[in-house]
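One structure is given here, and the rest of the page talks about it.
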There are 2 protein chains.
Amino acid sequence: MLSKKTKYGIKALTYLARQKDKSPVQIATISKSENISLKFLESILLTLRKNDLLGSKKGKGGGYYLLHEPKDIQMTSVMRVLEGPISMVPCVSLNFYEKCDDCPDENKCAVHSLMAQLRDSSLEIFKNTTLADLCRC
Amino acid sequence: MLSKKTKYGIKALTYLARQKDKSPVQIATISKSENISLKFLESILLTLRKNDLLGSKKGKGGGYYLLHEPKDIQMTSVMRVLEGPISMVPCVSLNFYEKCDDCPDENKCAVHSLMAQLRDSSLEIFKNTTLADLCRC
DNA sequence: TAATAATCTACTAATTTTATAGGGTTTGAG
DNA sequence: CTCAAACCCTATAAAATTAGTAGATTATTA
């Protein structure tokens, strides 16, 4: 299941991407518009900022804004930051590889090959979809 | 992330699919061979049986066995039984549809369209992969 | 029929993840 | 200086996950 963290994060990102100018938007504004718990959204935006997807400005007139053009933000990076690895098992993860402790030989593991296929197709979709694409709905 | 329940379930299924004959295999045998906690495996095999993927036989010489030919068992049914819906969000699920309570219009939801794409590609893979394919690793 | 081997059922429990809530601190604009 | 906003830290309730324990039930075989 997709976590609400990721869902809310994507919604917030598209909200920002739809802005005409790049002036900061307050958390409360996004929270109200997208029906997201304010404090939860706060922590989500913070992790997006720490991972260089968003910039922020403090004080009066402050808020969050996109650091890059929507068309330059691939969903791979959004998903990795919010949801974690694209793969469903660590042993097929490209960026977060980890050996399974119950598997003697992962080349002979049935789960491994299936999940590798799944990873490839998911990766393909996430790579070819940018934030700009999501705004066209 | 893929739950261990699903991972273990798939391993058990492939173990059974690799058997020459269809005589019952004891839980303990699979448990040892695949490094799976016996009692956990027991509950997994039980849900597989309740969902018509496995048959069981009690008493001496008993155990679990496949009800169908490996080539006739699609991964869609295995995944649905063990892991739940294929979709990552209920609002794009074909078999378990549910409306999001935070979404006024799901046709305008950016997450929705992305997840629908993902569901399609996952479904494609699971539909075209059978237990027999997984045994060839 | 009695012993045995296996599944089946029902609790319990530790751990982790998820989804928030509260409150104080820091920064920057006017 | 004042105020508004992001920032940061802590806590927590609920749910899911991953088991472990104890015993009941059923079927086979000798």
Side-chain angles (χ1 to χ4, degrees), chain A residues 1-12 16 23-32 34-67 81-85 88-90 96 98 100-102, chain B residues 1-12 16 23-32 34-51 53-67 81-85 88-90 96 98 100-102 111:
Chain A
M1 284 285 294
L2 193 77
S3 67
K4 292 204 173 179
K5 179 180 170 186
T6 303
K7 188 182 180 192
Y8 292 165
I10 294 177
K11 284 193 169 192
L16 290 172
S23 60
V25 179
Q26 300 162 32
I27 303 177
T29 308
I30 306 176
S31 159
K32 278 173 202 158
E34 303 292 325
N35 294 309
I36 305 172
S37 143
L38 190 134
K39 293 298 276 184
F40 192 23
L41 181 58
E42 186 181 328
S43 75
I44 296 169
L45 295 180
L46 208 54
T47 67
L48 287 172
R49 196 212 50 150
K50 285 181 180 165
N51 287 277
D52 298 317
L53 285 169
L54 292 182
S56 69
K57 199 182 163 196
K58 285 189 183 178
K60 208 171 192 175
Y64 283 94
Y65 52 91
L66 290 181
L67 277 181
V81 164
L82 292 171
E83 192 74 4
M88 293 186 79
V89 284
F96 303 89
E98 241 175 89
C100 303
D101 40 354
D102 60 312
Chain B
M1 285 287 292
L2 193 76
S3 66
K4 293 202 172 179
K5 179 181 170 185
T6 303
K7 189 183 180 192
Y8 292 165
I10 295 177
K11 284 192 169 192
L16 290 173
S23 60
V25 178
Q26 300 163 33
I27 304 176
T29 309
I30 306 176
S31 159
K32 277 172 204 159
E34 301 293 324
N35 293 310
I36 306 171
S37 143
L38 189 134
K39 293 302 275 184
F40 193 22
L41 180 59
E42 195 179 323
S43 75
I44 296 169
L45 296 180
L46 207 54
T47 66
L48 287 173
R49 196 211 51 151
K50 285 181 180 165
N51 287 276
L53 284 169
L54 291 182
S56 68
K57 199 183 164 196
K58 284 188 184 179
K60 210 169 192 174
Y64 283 93
Y65 52 90
L66 289 182
L67 276 181
V81 164
L82 293 171
E83 191 75 4
M88 294 187 77
V89 284
F96 304 88
E98 241 175 89
C100 303
D101 40 353
D102 60 312
V111 178

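The figures here come from the full heavy-atom set of this structure, side chains too, leaving out hydrogens, waters and symmetry mates. Bear in mind the structure is a predicted one, so any value in this text is a computation, not a measurement. Just so it is clear: chains get the letters A, B, ... in the order the sequence lines come, proteins before strands, and each one is counted from 1.
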| Phosphate oxygens OP1/OP2 of dA19(C): is one of them under 4.0 Å from a side-chain N or O of Tyr8(A)? | no

| note | Lys60(B) atom NZ is separated from dT4(C) atom P, nearest whole Å, by 9 Å

| request: Describe the nucleic acid contact of Leu46(A) in one word from base, sugar-phosphate, nothing, applying a heavy-atom distance below 4.0 Å. | output: sugar-phosphate

| task | Using whole Å, report how far OH of Tyr65(A) lies from C1' of dA6(D). | result | 12 Å

| Closest nucleotide of DNA chain C for Lys5(A) versus for Lys57(A): which of these residues is on the 5' side? | Lys5(A)

| request: Rounded off to whole Å, could you give me the NZ-to-C1' distance for the Lys7(B) and dT17(D) pair? | output: 14 Å

| query | Considering heavy-atom distances to DNA chain C, does Gly59(A) or Gln26(B) have its closest nucleotide positioned more toward the 5' end? | reply | Gln26(B)

| request: Look at the side chain of Ser3(A) and decide which nucleotide, out of dT20(C), dA19(C), dT27(C), has an atom nearest to it. | output: dA19(C)

| field | dC8(C) phosphate, OP1 or OP2, under 4.0 Å from Ser56(B) side-chain N/O | value | yes

| field | Nearest-0.5 Å distance, CD1 of residue Ile44(A) to NZ of residue Lys4(A) | value | 11.0 Å

| request: Please report, rounded to the nearest Å, how far the P atom of dT17(C) is from the CG atom of Leu2(B). | output: 15 Å

| request: Apply the side chain to side chain contact (heavy atoms under 4.5 Å, CB included) test between Tyr64(B) and each candidate in Thr29(B), Leu46(B), Leu48(B); give the one that qualifies. | output: Leu46(B)

| note | note: Ile44(A), atom CD1; dA6(D), atom P; distance rounded to Å ~ 14 Å

| field | Pairing of Asp102(A) and Lys7(B) as salt bridge, 4.0 angstrom limit | value | yes

| note | CG (Leu45(B)) and CG (Leu41(B)) are apart, to the nearest 0.5 Å, by 4.0 Å

| message | Whether Arg49(A) contacts dC8(D) is assessed here as follows: a side-chain N or O lying under 4.0 Å from the phosphate OP1 or OP2. Is that the case? | response | yes

| field | Nearest to side-chain heavy atoms of Lys4(B), which nucleotide of dA29(C), dT18(D), dT20(C) | value | dT18(D)

| Sugar-phosphate only, base, or nothing, as touched by Ile27(B) at under 4.0 Å among non-hydrogen atoms | sugar-phosphate

| Roughly how far, to the nearest 0.5 Å, is NZ of Lys39(B) from OG of Ser31(B)? | 11.0 Å

| First of Gly62(A) and Lys50(A) reached from the 5' end of DNA chain D, by closest nucleotide | Gly62(A)

| task | Indicate yes or no for a side-chain donor-acceptor contact from Ser56(B) to the backbone of Gly63(B) under 3.5 Å, with no hydrogens or angles considered. | result | no

| query | Rounded to the Å, how far apart are Leu41(B) CG and dG20(D) P? | reply | 12 Å

| request: Report which part of the nucleic acid Lys39(B) touches: base, sugar-phosphate, or nothing (heavy-atom distance under 4.0 Å, all strands). | output: base

| said: Expressed as a whole number of angstroms, how long is the span from Phe40(B):CZ to dG20(D):P? | reply: 10 Å

| task | Calculate the interatomic distance between Tyr64(B) atom OH and dT7(C) atom C1'; express it in whole Å. | result | 6 Å

| Has Ser37(B) got a side-chain N or O lying under 4.0 Å from the OP1 or OP2 atom of dT18(D)? | no

| Selected nucleotide, minimal atom distance to Glu42(A) side chain, candidates dA27(D), dC8(D), dT26(C) | dC8(D)

